[in-house]
Protein chains: 2
Amino acid sequence: MQIITAIKEMQEKIAQYKHNGMTIGFVPTMGFLHEGHLSLVQEAKQKADLVVMSIFVNPLQFGPNEDYDRYPRDIVRDEQLAKNAGVDILFYPEVTEMYKDTRYFHISVSGLVDVLCGSKRPGHFDGVVTVLIKLFNIVLPTYAFFGKKDAQQVAVVMKMVEEFNFPIKIIPVETVREEDGLAKSSRNVYLTSEEKQEATVLYKSLQLAKTLIEEGETNSRSIIEKMTRFIQNHSQGNIDYIEIYSFPNLKPLPNLQGHVLVALAVRFTNVRLIDNILLEI
Amino acid sequence: MQIITAIKEMQEKIAQYKHNGMTIGFVPTMGFLHEGHLSLVQEAKQKADLVVMSIFVNPLQFGPNEDYDRYPRDIVRDEQLAKNAGVDILFYPEVTEMYKDTRYFHISVSGLVDVLCGSKRPGHFDGVVTVLIKLFNIVLPTYAFFGKKDAQQVAVVMKMVEEFNFPIKIIPVETVREEDGLAKSSRNVYLTSEEKQEATVLYKSLQLAKTLIEEGETNSRSIIEKMTRFIQNHSQGNIDYIEIYSFPNLKPLPNLQGHVLVALAVRFTNVRLIDNILLEI
């Protein structure tokens with residue numbers, strides 16, 4: 001596995017591979033890799049000739065009161081995991097390599113981001129889109145792989161690629177879970193063992209929603225109320241949101257039809273967890 | 001010469017050419033071609049294997065009180081001129097092909113655009129950058145060619161390519177002029193013959209600035225005052241601005257040193273003309 005930290009070197013390498021007609025699968029990450037990330041790599045290996053992973057904790061997508069400084073980092077372990085998973089090139093730039101002191105161009109996302117996490121994290125997706133435009137131009141991927149766990153991110157990236165005409169296919173990949181259903185997340189390390197147990201309410205409440213919908217429930221509000229009660233009865237987590245939208249347009253659904261996203265965020269003492277399911281009705 | 005109107009078809013064609021290892025020279029235009037555009041094509045032909053020209057009058061870069069509707073258009077003549085100049089592919093999309101009803105992503109430019117034309121045309125460069133991101137992703141050029149006549153556009157595009165890491169080399173090309181020095185412009189057709197004569201004051205005043213600087217003048221204000229007097233004494237044009245900045249950062253210069261841009265805009269009855277010179281001091 002090659003490790004590259006300079007944008008220029010990365011672009012030169014990619015130009016060579018492209019020149020040789022190779023397809024490129026790209027897995028952008030913020031590091032502290034877990035099985036979720038590695039499943040993205042497996043998908044990428046199946047689809048593309050060359051797999052590029054980036055590790056970059058992007059300051060632009062953290063709010064002033066968010067956890068940029070204490071976001072978990074372990075590059076030594078990440079390198080080993082990436083190598084074992086079969087990553088060909090690991091792109092690992094410093095913040096100063098990615099952002100100059102003066103930024104002249106500012107991107108703002110509207111519509112898709114006034115719901116779910118976006119509404120709680122103003123500017124978050126502006127930062128995500130900014131770094132992805134840069135990374136896409138550096139890596140020139142044929143395919144880019146994103147975990148469905150951040151469903152809003154998948155929606156924003158799909159729309160972004162469409163609106164700006166990037167010649168890239170976005171591949172959403174299934175969420176990887178613990179045996180008890182808890183979605184893998186870099187932030188899970190901040191849960192106490194009791195909280196980790198309680199945090200299974202996220203997935204269980206999503207399964208409850210699935211069952212209700214399969215049994216014919218079409219009223220979003222009723223489903224959300226039942227999920228809320230379930231979580232409150234079975235954990236000490238504070239619900240940040242439970243929302244149901246169309247996917248990928250993220251619009252409220254008067255009737256549950258088509259691609260339906262049920263998504264939630266729940267806060268425990270030191271950490272906020274998200275999860276979702278995507279249903280075809 | 002192939003004429004392509006659909007983004008998808010364009011991207012498929014470009015993928016083929018790229019696959020064959022061809023370099024692509026791109027000349028983005030708003031049509032109503034004149035010798036200035038054709039000189040961009042000549043440069044592109046010298047540098048690249050394949051020359052792509054786009055013709056797209058981009059509504060996003062016109063203000064509500066600007067001349068989008070009456071911007072001159074003549075696609076039949078443009079096709080002939082592009083073909084004769086040696087363009088390989090003419091990309092000519094409709095507005096509805098380029099922009100969907102809902103746009104989720106908005107770009108704003110800061111710093112570079114609060115001077116020169118940018119300060120008089122709020123949002124103009126936001127629109128320019130938006131369409132260029134799209135066109136660059138559609139055409140995937142190795143080189144993109146821009147006339148120096150719009151020096152601020154050259155500066156913005158150079159910074160944009162740098163900040164977003166587009167793997168594209170921007171090539172600024174000399175302004176093409178009439179024998180009397182008037183810069184070629186699609187908007188010149190709106191000048192009366194008397195105004196066309198008077199409009200030579202733009203270039204003459206720039207030559208005056210050049211002479212003053214060569215003779216040792218280092219004070220921008222003094223140069224601007226002399227240019228102003230010259231234009232007022234020799235034409236009925238209304239000066240929109242005369243400004244002197246560093247290039248491409250477009251910052252005021254306490255002393256005239258390095259790459260110096262002297263730029264001006266002058267209004268005649270139905271049309272506003274711009275011109276500039278770039279000096280190395």
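Keep in mind the model is a prediction, meaning the values are calculated, not measured. Letters A, B, ... are given to chains in the order of the sequence lines, protein chains preceding strands, and every chain is numbered from 1. All values below were derived from every heavy atom in this structure, side-chain atoms included, with hydrogens, water molecules and symmetry-related copies excluded.
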Which one wins on heavy-atom pair count under 4.5 Å against chain A: [options]?
| options | result |
| --- | --- |
| B/Ile168, B/Val156, B/Val113 | B/Val156 |
| B/His19, B/Gln11, B/Glu162, B/Lys159 | B/Lys159 |
| B/Phe125, B/Phe166, B/Phe105, B/Phe136 | B/Phe105 |

Between the main-chain N or O of [Y] and the side-chain N or O of [X], is there a donor-acceptor pair closer than 3.5 Å?
| X | Y | value |
| --- | --- | --- |
| B/Asn137 | A/Phe164 | yes |
| A/Gln152 | A/Cys117 | yes |
| A/Lys18 | A/Leu140 | yes |
| B/Thr175 | B/Lys149 | yes |
| A/Lys47 | A/Tyr143 | no |
| B/Ser220 | B/Ile244 | no |
| B/Thr5 | B/Tyr92 | no |
| A/Lys45 | A/Gly86 | yes |

Using a cut-off of 6.0 Å, state whether more than 12 heavy atoms not belonging to [X] lie near its atom [atom1].
| X | atom1 | value |
| --- | --- | --- |
| B/Lys169 | NZ | no |
| A/Lys120 | NZ | yes |
| A/Glu280 | CD | yes |

Fill in: chain B interface, residue from A/Ile14, A/Val129, A/Leu112 that has the most non-hydrogen pairs under 4.5 Å
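Going by pairs under 4.5 Å, I would pick A/Leu112.
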
Discussion item. Go through it in stages, so that I can follow the logic: the residues are A/Glu12 and A/Lys8, the test is salt bridge (Lys or Arg N to Asp or Glu O under 4.0 Å), and I'd like the CA-CA distance, side-chain angles, deciding distance and then a yes or no.
Written reply: CA-CA 6 Å; A/Glu12 285 166 3; A/Lys8 192 163 178 290; 3.0 Å; yes

Fill in: Residues in residues 51-69 of chain B that sit under 4.5 Å from chain A, counting heavy atoms only
none

Worksheet item: Considering heavy atoms only, which positions within residues 245-259 of chain B lie below 4.5 Å of chain A?
Response: B/Asn249

Under 4.5 Å from any heavy atom of chain B - which part of [X]:
| X | result |
| --- | --- |
| A/Val109 | both |
| A/Ile107 | both |
| A/Leu135 | neither |
| A/Val131 | neither |
| A/Glu163 | both |

Worksheet item: If you round to the nearest 0.5 Å, how far is CZ of B/Phe26 from OG1 of B/Thr142?
Response: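 If we round to the nearest 0.5 Å, B/Thr142:OG1 and B/Phe26:CZ are 12.0 Å apart.
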
Discussion item. What part of B/Ile7 gets within 4.5 angstrom of chain A, counting heavy atoms only: side chain, backbone, both, or neither?
Written reply: side chain

Worksheet item: Between A/Ser108 and A/Asp126, do the side chains contain an N or O donor and an N or O acceptor separated by less than 3.5 Å?
Response: no

